[in-house]
Amino acid sequence: MADEALFLLLHNEMVSGVYKSAEQGEVENGRCITKLENMGFRVGQGLIERFTKDTARFKDELDIMKFICKDFWTTVFKKQIDNLRTNHQGIYVLQDNKFRLLTQMSAGKQYLEHASKYLAFTCGLIRGGLSNLGIKSIVTAEVSSMPA
Amino acid sequence: MSRPAHRRPEYRKINKDLFVLTYGALVAQLCKDYEKDEDVNKYLDTMGYGIGTRLVEDFLARSCVRRCHSYSEIADIIAQVAFKMYLGITPSVTCNNASRNEFSLILDKNPLVEFVEELPTGRSSLCYCNLLCGIIRGALEMVHLAADVTFLQDRLKGDSVTEIGITFLKKLDEKKYRRKK
């Protein structure tokens, strides 16, 4: 779908725009990630509302996480999460081996330190979605080697 | 991995929603950061310019448009192919002046403002969709056409339709670039 290119480009511009205004000395670096995450939060809230309009009620947390891994991720990134692990005590690890927003950027370890900027929005997206489904959460992201 | 067919239109809509919602969150954040509407408009235009310079390559790769021979052909292609491909709408094109270098795209349905009821108070001169102007300007510049793109009418400001005006300026001659090198 051609829409994807639009969203990818918009996302990249957003990240670079936020960091450019930071360079001009207005805000420190940590605030940029927070800004991006908050934007993702708002979008995630709205998106999950539209998405779960017609789906059945979720039985438990694991059910919600499975929904996020399969349906939500497929809709947003056209593929499912590759691996979901949990310790059954509230910690879930979602692993995506070919993250859509990073595949076009690099494949390897060269730009690893910049990867976290591009993940902030998606973290916010998940956090917003979960919060509207009734789960308070903290979402962090880690990149071991682009684009995984 | 087969998906039931009746869910397809939902997926496409959600994808578009993602873009529309992201754009909305972006504009909201910009309104918080900048007090003056002109700053927000300028920022959106600059962002759109960056997007347009890259989007045009994607567009040319996906659509197999032939070389254009006139400005009106270009305006038609932007309206009928590009807008349809990326936003799913087909604005109508009108030519504004006799020298045939000013065109208007009239959008009766604008997907970007789907979730916007009205502009916030105190932001009456905000061009919500200024990103589109920047995108068109950036894309045209990458194919060596300088243009001025602005909003002539905006439904969010009370007009009946949304109208984007494209004014083609002097054509940037390719030979000029070679000579400079």
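Sequence lines set the chain letters: A, B, ... in the order given, protein chains first and strands last, and positions in each chain run from 1. Hydrogens, waters and symmetry mates play no part in the numbers below; they use all other heavy atoms, side chains included.
By the rule that hydrophobic residues join a cluster once side-chain heavy atoms approach within less than 4.5 Å of another member, L156(B) and I106(B) end up as members of separate clusters. V81(B) and Y71(B) end up in the same hydrophobic cluster when Ile, Leu, Val, Met, Phe, Trp and Tyr side chains are linked at under 4.5 Å. Under the 4.5 Å side-chain heavy-atom criterion for Ile, Leu, Val, Met, Phe, Trp and Tyr, F72(A) and L133(A) are members of the same hydrophobic cluster. Connection of M142(B) to L145(B) is established within a shared hydrophobic cluster, with ILVMFWY side chains joined at heavy-atom distances below 4.5 Å, either directly or through further cluster members. A chain of hydrophobic side-chain contacts below 4.5 Å, direct or via other Ile, Leu, Val, Met, Phe, Trp or Tyr residues, connects L55(B) to I77(B).
Taking NE2 of H11(A) as the start and CD1 of I51(B) as the end, the distance is 11.5 Å to the nearest 0.5 Å.
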Start with the C-alpha gap between K35(A) and D33(B), add the side-chain angles, then the distance that decides, and say whether side chain to side chain contact (heavy atoms under 4.5 Å, CB included) holds.
CA-CA 10 Å; K35(A) 258 195 219 174; D33(B) 288 341; 3.2 Å; yes

Passes side chain to side chain contact (heavy atoms under 4.5 Å, CB included), M14(A) versus M47(B)? Steps please.
CA-CA 8 Å; M14(A) 270 167 42; M47(B) 272 189 69; 3.9 Å; yes

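Heavy atoms of Y43(B) lying under 4.5 Å from chain A belong exclusively to its side chain. For L131(B), the part lying under 4.5 angstrom from a heavy atom of chain A is the side chain only.
With T22(B) as the fixed residue, the side-chain contact (heavy atoms from CB on, under 4.5 Å) test singles out one of L125(A), V43(A), L47(A): V43(A). Among I135(B), L26(B), L18(B), the one residue that satisfies the side-chain contact (heavy atoms from CB on, under 4.5 Å) test with L10(A) is L26(B).
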